[in-house]
Structure formats: structure tokens, C-alpha cells
Participant: 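Just dropping this structure here.
All ligand and atom numbering here is 1-based and tracks the order in the structure. Sequential numbering from 1 along the given sequence is applied to the chain's residues. Every value quoted in this text rests on a predicted model; they were computed, and no experiment measured them. What you see below is based on every heavy atom in this structure, not just the backbone, and it leaves out hydrogens, waters and symmetry mates.
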Amino acid sequence: MEKIIEEKNQGTALTLDKDQKNTRNLYIESYGCQMNFSDSEIVASILAQEGFNTTNSLEEADLVLVNTCSIREKAELTVRKRLEKFNAIKKTRPHMRVGVLGCMAERLKSKLLEEEKIVDMVVGPDAYKDLPNLIREVDEGRNAVNVILSKDETYGDVAPVRLNSNGVTAFVSITRGCDNMCTFCVVPFTRGRERSRDPHSIVNEVNELWEKGFKEVTLLGQNVDSYLWYGGGLKKDFDAASAMQKATAVNFANLLELVAVAQPKMRVRFSTSNPQDMTLDVIETMARFRNICNYIHLPVQSGSDRILKAMNRLHTREAYFDLINNIRSILPDCAISQDMITGFPTETEEDHQDTLSLMEYVKYDFGFMFAYSERPGTMAARKLVNNIPEEVKKRRLNEIIELQLKHSFFRTKQHLGKVEEVLIEGTSKKSDLEWMGRNSQNTVVVFPKENYSVGEFVMVRIENCTSATLLGKAVGYSENN
Ligand code: SAM
């Protein structure tokens with residue numbers, strides 16, 4: 001299974017070419033979801049104006065920033081371990097400053113300064129424009145904290161620099177925050193209420209990416225289908241908007257169309273879709289534009305109605321099946337992936353069997369599966385007892401992973417013998433003689449390089465597969481070049 005942010009990229013230093021004018025070195029590491037990796041690009045862009053070049057060497061860093069994730073306890077433990085490593089380096093570079101960004105900063109606030117003695121700065125996801133001031137405070141010897149969540153910050157006016165870019169694919173952030181209040185999830189507390197970014201700034205960013213040679217964008221948000229631009233402000237305040245604002249509002253289907261039309265040769269992807277917010281017009285828009293990829297990441301979390309309700313997922317198993325049926329009938333070649341949580345409080349064997357049977361019905365192409373991790377402050381932590389023993393969570397997790405592997409293999413086999421368009425992203429991990437790219441369905445395709453180049457759309461005959469990868473041979477260029 002191929003994650004968009006692969007495990008090996010978690011915590012790698014993100015860098016870009018040096019600007020000779022800049023005199024200080026920033027080392028920035030990211031953990032968690034694509035949104036964090038995208039935010040780090042915004043941070044690097046803001047700090048490039050403040051005299052910072054990026055470096056991938058901790059030993060030459062003047063400022064170390066770690067962009068953190070709080071989604072599961074393990075993610076936070078990983079960051080705490082990294083802070084220990086930074087502490088050791090700080091002993092030989094006493095002027096080096098360390099800042100914690102992102103969800104862990106927002107969740108723990110100034111507690112981080114007290115608990116992790118080496119942290120100089122704590123900055124929440126809506127406060128990155130304040131970084132220049134915060135760094136000045138730190139330079140003057142004071143600790144600095146800004147964890148204020150915003151009603152309207154979308155960083156729409158910051159042109160992100162592309163860190164560790166392959167020059168082919170890029171993330172474009174379209175919403176921030178989340179209003180869903182799933183009872184297991186810390187995101188609404190760490191990233192604030194949902195707001196959407198001005199569609200003009202999104203289309204401008206996509207146009208600029210195309211000018212620079214990029215060939216694919218992924219529109220990012222916690223819940224992209226809930227995108228709604230009505231001139232700015234929180235999604236929850238839309239009801240109070242003026243008649244004019246309501247009449248000219250742009251929803252996610254409209255935005256998809258704007259982006260697809262602006263750059264008809266650019267591939268368009270999006271993530272994440274929440275089943276309760278995904279509408280027919282989005283699926284129909286996907287069908288109308290060949291450059292919108294046939295892939296939907298559609299987390300369901302559980303197949304049991306009782307657990308879905310306890311999670312405050314605002315749809316039933318039946319409604320989810322209706323959505324899947326609509327996707328399959330309008331977009332027969334569409335790949336669908338899931339997120340699943342095992343061992344949510346009170347989950348019985350019967351609930352677990354419901355999850356397995358839901359998976360059997362959908363036969364997802366990929367999946368990201370997790371054991372429930374209780375997060376302080378969430379509704380589940382406050383109201384429910386985390387009563388499923390760890391070994392039961394693990395056993396159930398292994399069962400769903402095993403079933404997913406079977407389904408992934410079933411899905412990859414459906415591609416055998418077909419000729420599919422692949423966008424080349426870079427050299428294959430396993431062989432310097434082969435390219436790695438993705439088809440429209442987001443499945444990785446590996447094939448001999450011949451005379452093709454990175455960034456080209458190539459038609460590839462699929463000859464073999466594993467559960468995660470398609471193997472083939474190029475038969476020519478796609479018309480899309
Ligand atoms: N906004 C998306 C949604 O609502 O489906 C994704 C949010 S989250 C960044 C990515 C995934 O992490 C979730 O879909 C869920 O499967 C998992 N996750 C979130 N909170 C969790 C928790 N407390 N324990 C285990 N997994 C969790």
C-alpha cells in the first residue's frame with residue numbers, strides 16, 4: 001500500500017535550493033498528514049523572507065523546527081524522542097533554537113516549554129505569519145508562544161516554496177480546520193474551525209505550478225467536500241451570509257471545475273473526502289473532466305452503525321453503500337481507499353465483523369488502518385472508557401490489514417493487460433533502470449526507463465503486479481504531453 005506521505009518520509013528534513021543572500025540555516029522536519037508537509041512549505045516561504053536557507057544537516061542548523069502531529073499517541077512520542085536528539089546537538093551548538101509547530105504545539109501549548117526544556121518556541125497551525133516576530137523574541141532570549149486559532153487564516157496570500165519537490169506533483173491547500181467533531185479526533189481542537197480559501201488564489205497557485213513545470217496537484221483539506229467560499233469566514237457562519245454571498249458562493253464541485261478548466265492538462269487529485277459531505281455533483285464533475293483523477297480517499301472508520309454513531313460520523317453503513325454505488329455507476333474505473341480504526345470504545349466482535357463485511361462489499365484499492373488511540377480532550381476520551389484491550393485492538397487490526405491486502409491484490413490484478421496513462425514522478429526505489437509513476441487511480445506503476453523523462457505522461461502496458469505496485473512496459477507517449 002502506498003501512502004501519499006510514505007512512512008519513510010515522516011521526519012525527513014525538507015530543503016530547497018539556497019539563496020546566497022540568506023545567512024541563517026533552518027532545519028525543518030515534518031510528521032503526520034499531507035497538510036503538515038504542505039504547511040512546512042508555507043513556513044519555509046515565510047522564513048526565506050527572514051534570511052533563512054533550508055538545510056538537511058542538523059549540525060549546521062541555527063533554527064530547528066519540527067512540524068508535529070497529534071492524531072495518535074505514537075506520533076507525539078516520536079516527536080518527543082526527536083526533541084531529545086535536538087537537545088544533544090544543542091549542547092555543541094548553544095545558539096541553536098528549537099521550535100515546535102503544528103498540532104502538538106496547539107494541543108500542549110506552553111506546557112511544551114515546561115515539559116521539554118529545550119523548546120524555545122511553540123507555534124500553532126494558524127500562527128505561522130507571526131514566526132518572524134516570535135523568532136525575534138527568541139533571539140532576544142525569551143521563549144515565544146503563539147497558539148491563537150484564527151477565523152480566517154488560510155495562507156492564501158503566501159506562495160509556498162516546494163520543499164524536496166520532485167518538480168512534478170504538488171499539494172495545494174484549499175481548506176483549514178475541521179467542523180466534523182468525530183469523537184475520536186483531535187483535529188478540530190488543534191486546527192480550529194473550518195474555513196475555505198479564496199478560489200482565485202487556489203487557481204493562481206495551480207497556474208503558477210503549471211508554469212513551473214508541475215503536472216499534478218492534490219487539493220488538500222481535512223474535509224475537502226465541505227469546501228465553501230462565500231467571501232471569507234468560517235463555514236459555520238455561512239447561514240448568516242448575505243443573499244449575494246450565498247448566490248455567488250463556490251462549493252467543492254465548482255472549485256474542482258475551476259481548477260480542471262484552468263489547466264486542462266494538469267492532473268487534479270483531492271484529499272480527504274468525508275462520506276457525509278461528498279455529493280453527487282462532485283462525482284459528476286469528476287466524470288466530466290478527464291484531468292480529474294479517478295481516485296477517492298473515502299475514510300469510513302467502521303462498518304458498524306452503532307460505532308459510526310458513537311464516533312459521530314454523520315452517516316450510516318447504508319448511506320455509505322449508496323455513495324459507493326453512485327461512485328461505481330458514474331465512475332466505473334474509480335479507485336477508492338479507506339481509513340479504518342479498530343478497537344474504538346465498546347467495539348464488539350460483531351461490530352468488527354461489520355467492518356470486515358463492509359470491506360468485503362467495497363473491496364478498497366488501498367487502506368490506512370489504525371488501532372484506536374485515546375486523545376485527551378476529545379469527546380470519546382471524556383465520555384467513553386477506552387475499554388478494548390490492546391491485544392484485541394491489534395488482532396482486529398491485523399485482520400483488517402490482511403483483508404485489505406487481499407482486496408488490494410484483487411484490485412491491482414484488474415489492471416493486468418490494460419494500457420494506462422502514467423505520470424512519471426522519479427526513479428523507482430528498487431532499480432535505477434526503472435521509472436516510478438502513478439496511474440489515474442493513484443496506483444504506483446514501475447516500468448523500464450528507455451528514453452522517457454520525469455514529468456512525462458506515458459502509456460504503459462500493465463504486465464504484472466503485486467498488491468501495491470503495477471509493473472509494465474511503456475508503449476508510447478500519452479496525448480496529454
Ligand atoms: N479528516 C479526515 C476524516 O475525517 O476522515 C482524516 C483525519 S485524520 C488526519 C486521518 C486518519 O487518522 C483518520 O481518518 C482516522 O482513521 C485516523 N485517526 C484519527 N484519530 C484517531 C485516533 N484517535 N486513533 C486512531 N486513529 C485515528
Participant: Consider every N or O of R72 and every N or O of ligand 1, then say whether any pair is closer than 3.5 Å.
Facilitator: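 Min N/O separation from ligand 1 is below 3.5 Å for R72.
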Participant: Which heavy atom of the protein is the closest neighbour of atom 16 (O) of ligand 1, given with residue, atom name and distance?
Facilitator: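 Of the protein heavy atoms, Q301 OE1, 2.7 Å lies nearest.
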Participant: Quick check: does R313 get an N/O under 3.5 Å from an N/O on ligand 1?
Facilitator: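 It does: an N or O of R313 is found under 3.5 Å from an N or O of ligand 1.
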Participant: State if A371 counts as touching ligand 1 under the rule of any non-hydrogen atom under 4.0 Å.
Facilitator: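 A heavy atom of A371 does come that close to ligand 1.
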Participant: Taking N254 for the side chain and N251 for the main chain, is one N or O donor matched with an acceptor at less than 3.5 Å?
Facilitator: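 Between the backbone of N251 and the side chain of N254 there is a qualifying donor-acceptor contact (under 3.5 Å).
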Participant: Looking only at distance, does N180 have an N or O less than 3.5 Å from an N or O of ligand 1?
Facilitator: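 No; the residue has no nitrogen or oxygen that sits under 3.5 Å from a nitrogen or oxygen of the ligand.
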Participant: Taking atom types as modelled and ignoring hydrogens, do the side chains of S273 and D225 form a donor-acceptor contact shorter than 3.5 angstrom?
Facilitator: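 Result is yes, a qualifying pair exists.
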Participant: Number the atoms of ligand 1 from 1 as they appear, then name those within less than 4.0 Å of a heavy atom of R375, with their elements.
Facilitator: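 Those atoms are 23 (N).
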Participant: For I341 and ligand 1, does the shortest N/O to N/O distance drop below 3.5 Å?
Facilitator: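 No; every N/O pair is 3.5 Å or more apart.
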Participant: Would you kindly specify which portion of F370 sits under 4.0 Å from ligand 1, judged on non-hydrogen atoms: side chain, backbone, both or neither?
Facilitator: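 Side chain only.
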Participant: Output yes when a side-chain donor or acceptor of K235 lies under 3.5 Å from a complementary backbone atom of L228, and no otherwise.
Facilitator: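 No: the side chain of K235 does not pair with the backbone of L228.
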Participant: On a heavy-atom basis, I'd like to know which of I71, N36, V300 is closest to atom 9 (C) of ligand 1.
Facilitator: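 The option holding the nearest heavy atom is I71.
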Participant: Between F321 and Y361, does the ring centre distance come in under 6.0 Å?
Facilitator: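 When the ring centroids of F321 and Y361 are compared, they turn out to be within the sub-6.0 Å range.
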Participant: Flag the pair V300 / H315 as yes when at least one side-chain heavy-atom distance between them is below 4.5 Å, and no otherwise.
Facilitator: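 Sidechains of H315 and V300: in contact.
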Participant: Does either side chain, that of Q34 or that of T218, offer a donor lying less than 3.5 Å from an acceptor on the other one?
Facilitator: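 On atom types as modelled, these side chains do not qualify, holding no pair under 3.5 Å.
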Participant: Got the closest protein heavy atom to atom 20 (N) of ligand 1, with its distance?
Facilitator: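 In this structure, atom 20 (N) of ligand 1 has F184 CD1, 3.2 Å as its nearest protein heavy atom.
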Participant: Would you mind listing which atoms of ligand 1 come within a distance below 4.0 Å of any non-hydrogen atom of N274?
Facilitator: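 Listed by number with element, the hits are 4 (O).
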Participant: Which bit of E374 is near ligand 1, meaning a heavy atom under 4.0 Å away: side chain, backbone, both or neither?
Facilitator: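 Neither part.
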Participant: What part of C182 sits under 4.0 Å from ligand 1 if we count only heavy atoms: the side chain, the backbone, both or neither?
Facilitator: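 For C182, there is no contact with ligand 1 at all, from either part.
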Participant: Is a donor on one side and an acceptor on the other found under 3.5 Å between the side chain of Q222 and the backbone of C178?
Facilitator: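 Side chain of Q222 to backbone of C178, a donor-acceptor pair under 3.5 Å: no, none is there.
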Participant: Name the closest protein heavy atom to atom 11 (C) of ligand 1, giving the residue it belongs to and the distance to 0.1 Å.
Facilitator: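 The answer is D339 OD2, 3.4 Å.
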Participant: Measure from NZ or CZ of K406 to the centre of the six-membered ring of F409 and say whether it is under 6.0 Å with the direction within 45° of the ring axis.
Facilitator: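 No, K406 and F409 do not form such a contact.
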Participant: Side chains of Q404 and S408: is there a donor and an acceptor less than 3.5 Å apart?
Facilitator: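 Present: a donor and an acceptor within the cut-off.
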Participant: For P299, take its heavy atoms, then give the atoms of ligand 1 lying under 4.0 Å from any of them.
Facilitator: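 Those qualifying, in numeric order: 5 (O).
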Participant: Determine whether the side chain, the backbone, both or neither of N223 has a heavy atom under 4.0 Å from any heavy atom of ligand 1.
Facilitator: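 Near ligand 1, N223 shows nothing, with every heavy atom at 4.0 Å or more.
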Participant: Are M379 and N312 close enough, and set up right, to give a side-chain contact (heavy atoms from CB on, under 4.5 Å), and what steps lead you there?
Facilitator: CA-CA 10 Å; M379 203 46 108; N312 195 34; over 6 Å; no
Participant: Check step by step if side chain to side chain donor-acceptor pair (under 3.5 Å) holds for E420 and Q441.
Facilitator: CA-CA 10 Å; E420 300 185 340; Q441 288 83 359; 5.3 Å; no
Participant: Return a yes/no value for T272: is any of its N or O atoms, backbone included, closer than 3.5 angstrom to an N or O of ligand 1?
Facilitator: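 No, there is no polar N/O contact under 3.5 Å.
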Participant: So for ligand 1, is S373 a polar contact partner (N or O within less than 3.5 Å, distance only)?
Facilitator: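 Looking only at distances, the answer is yes, because the N/O contact criterion of under 3.5 Å is met.
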Participant: Would you confirm whether R176, through its side chain, and P125, through its main-chain N or O, come within 3.5 Å as a donor-acceptor pair?
Facilitator: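 Yes, R176 side chain to P125 backbone: donor-acceptor pair under 3.5 Å.
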Participant: What part of Q222, side chain, backbone, both or neither, has a heavy atom within less than 4.0 angstrom of ligand 1?
Facilitator: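 The part of Q222 near ligand 1 is both the backbone and the side chain.
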